[in-house]
Amino acid sequence: MLEGKFDQASLLKKIIDSIRDSVKLCNFNCSQNDGITVQAIDDSRVLLIALKMDPGCFQEFRCDRDMVLGLDLESLGKILKQGNNEDYLTLIAEDNPDSLLIVFEDKKKDRISEFSLKLMDIDSDVLTIDDMDNDCSITMPSADFSKIARDFKTMSESLQIIVTKESVKFKAEGQIGSGSVIFKPHTDLDNPDESIKIDMNQPVNLTFGAKYLNDIVKASTLSSTITIKLTDKAPALFEFKLPSGYLRYYLAPKFED
Amino acid sequence: ARKQSNLMSFFKKK
């Protein structure tokens with residue numbers, strides 16, 4: 001049996017809102033030690049989502065036996081809308097379940113809402129992702145990166161990320177012209193999350209699809225910082241930390257034809 | 001023009 005209780009329904013709502021435009025169907029893998037993990041690839045095979053909700057994400061978590069819950073995220077999203085952000089949210093599944101029970105509890109009133117979501121058999125490719133040695137790692141405020149991804153998408157289909165020891169530069173070239181934003185490393189002692197950290201072994205210059213970056217920055221609601229790991233001629237890793245665990249996106253780059 | 005690469009060319013199927 002699985003029973004996972006979130007202190008705030010908003011955490012799961014934000015997570016599902018961050019991934020459901022990229023993947024529609026995915027398997028939630030549940031286990032006592034790892035909590036709930038998800039790996040899902042978008043239909044175009046350009047973006048991979050790796051989610052890890054450790055047991056620490058939950059106020060209470062038990063999973064007696066490993067289980068896989070096949071979920072339609074659009075349907076799950078419909079149910080999650082029914083609860084309030086501050087509610088307790090509990091996911092309950094029996095062993096070998098054909099449905100997932102979702103319970104919202106209001107913290108002040110004696111109101112309990114219960115929903116049952118039908119589960120699906122989802123056959124999806126699982127990819128092996130080894131820990132990569134990265135050429136660069138950038139940690140910056142997620143709101144800043146989100147603004148760049150959203151603004152530059154109006155100018156160009158691609159966003160170039162150029163990292164040197166001194167700076168990270170985001171650059172877009174479109175029909176109407178071009179633009180760039182440069183950030184230099186900076187430590188904000190009063191607000192550490194406002195700091196910009198650049199670790200560089202080798203400079204990189206990579207280009208990514210603006211459409212995918214716009215999907216990725218939907219997760220900015222989950223964390224005030226984002227870590228971007230870049231390696232020449234390899235997929236980039238965009239990571240948002242959860243209270244315990246992470247939401248990672250791996251994005252394949254664009255290359256000169 | 002730039003061409004979008006595919007994740008399957010970087011990661012192996014399990």
Side-chain angles (χ1 to χ4, degrees), chain A residues 22-23 27 29 37 39-50 123-134 156-161 171-175 205-213 216 229-238 248-257, chain B:
Chain A
S22 306
V23 289
N27 284 321
N29 304 292
T37 59
Q39 193 200 88
I41 311 165
D42 85 312
D43 287 342
S44 60
R45 313 243 156 162
V46 171
L47 184 65
L48 181 143
I49 289 162
D123 187 19
S124 64
D125 290 334
V126 178
L127 303 184
T128 305
I129 300 165
D130 302 321
D131 273 337
M132 294 182 291
D133 286 331
N134 303 111
S156 174
E157 286 179 3
S158 301
L159 179 69
Q160 212 178 332
I161 307 180
K171 191 175 161 194
E173 283 175 37
Q175 291 205 326
N205 182 343
L206 287 162
T207 302
F208 300 100
K211 167 188 172 302
Y212 298 102
L213 292 170
I216 291 170
K229 293 185 177 178
L230 302 168
T231 304
D232 190 34
K233 298 185 177 65
L237 166 60
F238 299 85
R248 290 177 180 165
Y249 296 85
Y250 292 87
L251 177 60
K254 285 183 164 188
F255 292 120
E256 263 333 321
D257 212 357
Chain B
R2 285 174 186 273
K3 205 176 162 194
Q4 178 63 61
S5 65
N6 190 302
L7 282 175
M8 310 309 267
S9 54
F10 300 101
F11 298 134
K12 285 186 205 122
K13 270 193 209 179
K14 236 178 206 172

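Worth saying up front: this structure is predicted, and the values here are computed from it rather than measured. Within every chain, numbering begins at 1; the chains are lettered A, B, ... in the order of the sequence lines, protein sequences first and strands thereafter.
For the atom pair NZ of B:Lys14 and CD of A:Gln39, the computed distance is 6.5 Å after rounding to the nearest 0.5 Å. Here B:Lys12 contributes atom NZ and A:Asp130 contributes atom CG; the two are 7.0 Å apart, rounded to the nearest 0.5 Å. Here CD of A:Glu256 is found 4.0 Å from CZ of B:Arg2. Values are rounded to the nearest 0.5 Å. One distance of note links NZ of B:Lys3 with OG1 of A:Thr207; it measures 15.5 Å at 0.5 Å rounding.
Considering every non-hydrogen atom in both B:Phe10 and A:Lys233, the closest pair reads CE2-O, 3.2 Å. Heavy atoms only, all atoms of each residue included: B:Gln4 and A:Val46 are closest at NE2-CG1, 3.2 Å. Nearest heavy atom pair, residue B:Leu7 against residue A:Ile41, reads CD1-CG2, 4.3 Å.
For a residue to count as touching a neighbouring chain, one of its non-hydrogen atoms must lie under 4.5 Å from one of that chain's; by this rule A:Thr128 touches chain B with backbone and side chain alike.
The local environment of NZ in A:Lys254 is crowded, with over 12 non-hydrogen atoms from other residues, nucleotides or ligands closer than 6.0 Å.
A distance below 6.0 Å separates the ring centres of A:Tyr250 and B:Phe11.
Contact check for A:Leu127 versus B:Lys13: side-chain heavy atoms found under the 4.5 Å cut-off.
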